[in-house]
Amino acid sequence: MTKKLVLIDGNSIAYRAFFALPLLNNDKGIHTNAIYGFTTMLLRILENEKPTHMLVAFDAGKTTFRHETFKEYKGGRQKTPPELSEQFPLLRELLDAFSVKHYQLSQYEADDIIGTLAKQAEQDEFEVKVISGDKDLLQLVSDKTTIQLTRKGISETDSYTPDFLLENMEVTADQIVDMKALMGDSSDNIPGVPGVGQKTAVKLLKQFQTLDHIYEQLDEVSGKSIKQKLADNKDSAYMSRELATIDTKAPIEVSLADINYDGYQTPALSTVFKDLGFQSLLTRIGEEGETEEVSQELAPLDVTIVDEVKSELFTGEDALVVEMLTDNYHTAQVEGFGLANANGAYFIPSDVAYNSDVFKEWAQDSSKSKWVFDVKRTVVALLHHGITLENANFDLLLASYLINASENHHDIPAIGHRLGMKDVLYDEEVYGKGAKMKVPEVEALAEHLARKAMVIYNLKPEAEAKLSENEQLELLQNLELPLAAILGEMEYLGVQVDVERIQEMKEQLGGRLTEIEQKVYELAGEEFNLNSPKQLGPILFEKLGLPVIKKTKTGYSTSADVLEQLADQHEIIEQLLLYRQLGKLQSTYIEGLLKVVDKDNKIHTRFNQALTQTGRLSSTEPNLQNIPIRLEEGRKIRQAFVPSKDNYVIFAADYSQIELRVLAHIAQDEKLIEAFNEDMDIHSRTAMDVFHVEEKDLTSNMRRQAKAVNFGIVYGISDYGLSQSLGITRKEAQQFIDRYFKSFPGVKTYMEDIVQDAKQKGFVTTIMNRRRYLPDLTSRNFNVRSFAERTAMNTPIQGSAADIIKKAMIDLAERLETEQMEAKLLLSVHDELILEAPESEIEKLKEVVPDVMEHTVKLDVPLKVDYSYGKTWYDAK
DNA sequence: CAATTCACGC
DNA sequence: GACGTACGTGAATTGT
């Protein structure tokens, strides 16, 4: 059997892992991200390489023998962040648990230890693999030694064999040090020859092979200035080579025999993993994951199972849980009710509640407060049984969402655990999960629901205090709670669809898709799965020889923007794009909608009111917020959305440029405010300012670019994002942004101030005090931090717009009520509201709807609403 | 069942 | 100077 030695550059990999992963904390408050990343990599190496010998080498300290040659060696390096240094002792413990030897040597770097052992191992006919993030090590590449370098993060790596090295860097292993000698290395502060970079270095080495040859034949070097630079910096070049050369004869005190590897002891490793909080890794080493923190003891709770609802059961301040096991409350069965109040905790079986007039009276009594979790779910479920829940004036879900939307889990037990009410089990513990999910015997169910109700009951004061402290109580009570009731009614009412029309479209589309499919097969010369990028890639880029524009992690990218760039190269592309477009319509919209139509030919979406980080709503099963509109082909889908009664119409009203108006208001930018006060075309106005042209000289291209910039401002995209949408370079995009800020200095000031303010406070707010916490603003990772900065700029804009439309919905529902109109809200799509109404109300709606929407809040710019109506959603354009 | 890729809307 | 970049939902494929 061949012997295999794996050598790991400990510092390098720890560094990579640290910067690649977010700052994970374990339960002891110790940062573990570098250790975690290191561990996953180690597990992968053990699995893939199956080494017979192994060592992790560390750097020994500040000074090395190289500093005698050049005292500025590695000067100017950023200090190791304390969050990382504190992880090194634990990392060594972890390696001990893995039974992996680690070693460091005073005055030497990890590279030298690795180099020395690699050479010894080669003599002994080992196969050697070195793991690092440091390109310097490439000088060790040989027939027997492979260097595996991290590419980005820690999960992607490249294995450098002699061939791969030549292909990638255009030099041999022996030439690596000479290359460093010429180009230097800024990260190690190796000077090299000033003015010579990688390109020049490679060129020179291709011509002369070695540094010595270059200087022997300096006259033959082409380029006067290069020649001069080489001549002037000969000493520096040779010193640089010395610094970059790995010492393969370091006086190490370990031998190959010392570092043989026989695997790890699972129990020892398991203990360390548990200590570090690496639950997810336990399963990877064949240990069972923790079986629920040793089923923590719940405080006993007396639960009364109610067999007949009496009015004395209720106090007027009662927490109610309506339990359903599936997400879709339009179709779910209610498993039972939990109730908690000052007197105790109760379980009411479904049939007992539904057959009880007392229960119904209580639910519908608006003098009795109900505290619930997910008021909309509760309202709709009860509506299905003819009960209209009144005065639900506290919702733990919405409260939790407003307190901190970024918490991943907004279910009762999770919230309970966060806020200190831990006497409740997680649903999974009671019901199981996946295929094995089932309702337990009645006692267990009763206790679970009663405990959940207790959590709501007990946490209400605390949650409200927290909201009050953040000045968000009004946001809950006067915005989200009333909105939930309205959304519930909208969902319950549903939207009528013309199923026959959809069926027609389905057949038509099906026919066209088969045609296109055949054409593609012909053009490709074979049949394959058109929906599989994995199968499509090789056909386009290998068989048909089209140029590769972009790659994904797993192969060739075949996304629309790639295909568009190939459009004029092969007939097949146009067909593929058309197939994608129509295929999307067929599968997602046509077939997707048919799947969710109920027996009355209505669609009941669910609006998620506690999900997005900005305060917008989202919509599921089906998502009615992304029905096609841009392309005519897809827009026709809207013809299937119709009013639910004869002589009714669909009435649609949308805010014009609400985000930019909100921006003008928040930023108090004079020019932007003026533009809206004068009701100008905002994209043209932006174009005039950014390009410094008169209206008469505006081109449609200028307006298009200005529109993209405005879009970017609203959605918080980066220079990169803008460059993508305009097909320009990042630099040009940045110039656009700079010019925009010059034109709208108020916006620039706002953007700068909001980031500073957010950094100081830790969060941003909207006009109605919605909050978003942004801990990443202090990240050392440029990407992470930049994203947080854009979020800080963007969330007040998007979130305030969301606040406004939510308030408009409440105002509108109320207005329709007081005006005693039949018109009903159906949908809300971010900046537009869709209603259905009798034709007779159209004239009134034309006044009422814009009036309400435009005046729901008072900003320093007017809000503008456009509207339209028709026999279908398509016609309301 | 989860991850990946793609595509639709705002 | 690299990094890899709006938010959502959903379908299909693919490998576990």
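Each chain gets a letter, A, B and so on, in the order its sequence line appears, and its residues count up from 1.
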Are OP1 or OP2 of [N] and a side-chain N or O of [X] less than 4.0 angstrom apart?
X	N	result
A:Thr558	B:dC6	yes
A:Arg630	B:dG9	yes
A:Thr588	B:dC8	no

Do [X] side-chain atoms and [Y] backbone N/O form a donor-acceptor pair below 3.5 Å?
X	Y	result
A:Thr605	A:Thr620	yes
A:Tyr750	A:Met793	yes
A:Ser868	A:Ala876	yes
A:Arg661	A:Ser656	yes
A:Ser619	A:Pro622	yes
A:Thr795	A:Gly799	no
A:Gln613	A:Ala405	yes
A:Arg638	A:Pro628	yes
A:Tyr655	A:Met853	yes

(message) If a pair means Watson-Crick or G-U wobble with both distances below 3.5 Å, what does DNA chain C look like in dot-bracket form, with | marking bases paired to a different strand?
(response) ......|||||||||.

Under 4.0 Å, counting only non-hydrogen atoms across every strand here, what does [X] touch: a base, just sugar-phosphate, or nothing?
X	value
A:Thr791	nothing
A:Leu611	sugar-phosphate
A:Arg580	sugar-phosphate
A:Gln613	sugar-phosphate
A:Glu621	sugar-phosphate
A:Ser619	sugar-phosphate

Any idea which of [options] is nearest the [X] side chain?
X	options	value
A:Ile629	C:dT9, B:dG9, C:dA12	B:dG9
A:Ser587	C:dT5, C:dT9, C:dA11	C:dA11
A:Ser618	C:dA6, B:dC6, C:dG8	C:dG8
A:Arg616	B:dC10, C:dA12, B:dC8	B:dC10
A:Arg638	C:dA11, B:dG9, C:dT9	B:dG9
A:Asn783	C:dG10, C:dC3, C:dA11	C:dC3

Determine the Euclidean distance between corresponding [atom1] atoms of [M] and [N]; express it in Å to zero decimal places.
N	M	atom1	value
C:dA6	B:dA3	C1'	22 Å
B:dT4	C:dG4	P	15 Å
C:dC3	B:dC8	C1'	29 Å

[X] has an atom [atom1]; how far is it from atom [atom2] of [N], in whole Å?
X	N	atom1	atom2	value
A:Met793	C:dT5	CE	P	18 Å
A:Ile805	C:dC7	CD1	C1'	16 Å
A:Leu593	B:dC8	CG	C1'	12 Å
A:Asn623	B:dG9	CG	C1'	7 Å
A:Gln724	C:dA6	CD	C1'	14 Å
A:Ile627	C:dG8	CD1	C1'	14 Å
A:Tyr15	C:dC3	OH	P	19 Å
A:Asn794	C:dG8	CG	C1'	13 Å

(request) Go through the steps for A:Tyr160 and A:Leu137 under the test side chain to side chain contact (heavy atoms under 4.5 Å, CB included), then give the verdict. (result) CA-CA 10 Å; A:Tyr160 285 79; A:Leu137 282 159; over 6 Å; no

Contacts under 3.5 Å, N or O only, protein and nucleotides 13-16 of chain C:
from   : atom 1 : to       : atom 2 : distance (Å)
C:dT13 : OP1    : A:Asn529 : OD1    : 3.4
C:dT13 : OP1    : A:Asn529 : ND2    : 2.8
C:dT13 : O3'    : A:Ser532 : OG     : 3.4
C:dT14 : OP1    : A:Ser532 : OG     : 2.6
C:dT14 : OP1    : A:Gln535 : NE2    : 3.0
C:dG15 : OP1    : A:Lys534 : NZ     : 2.4

(request) Kindly say whether the aromatic ring centers of A:Phe736 and A:Tyr740 come within a distance under 6.0 Å. (result) no

(request) Indicate, yes or no, whether a donor-acceptor pair under 3.5 Å links the base of C:dG4 to the side chain of A:Arg730. (result)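 Answer yes: a donor N or O sits under 3.5 Å from an acceptor.
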
(request) Say whether A:Asn710 and A:Thr686, considering side chains only, have a donor N or O and an acceptor N or O under 3.5 Å apart. (result) yes

(message) Using heavy-atom distances to pick each residue's nearest nucleotide on DNA chain C, tell me which of A:Phe782 and A:Phe787 is more 5'.
(response)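 It is A:Phe782 whose nearest nucleotide is closer to the 5' end.
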
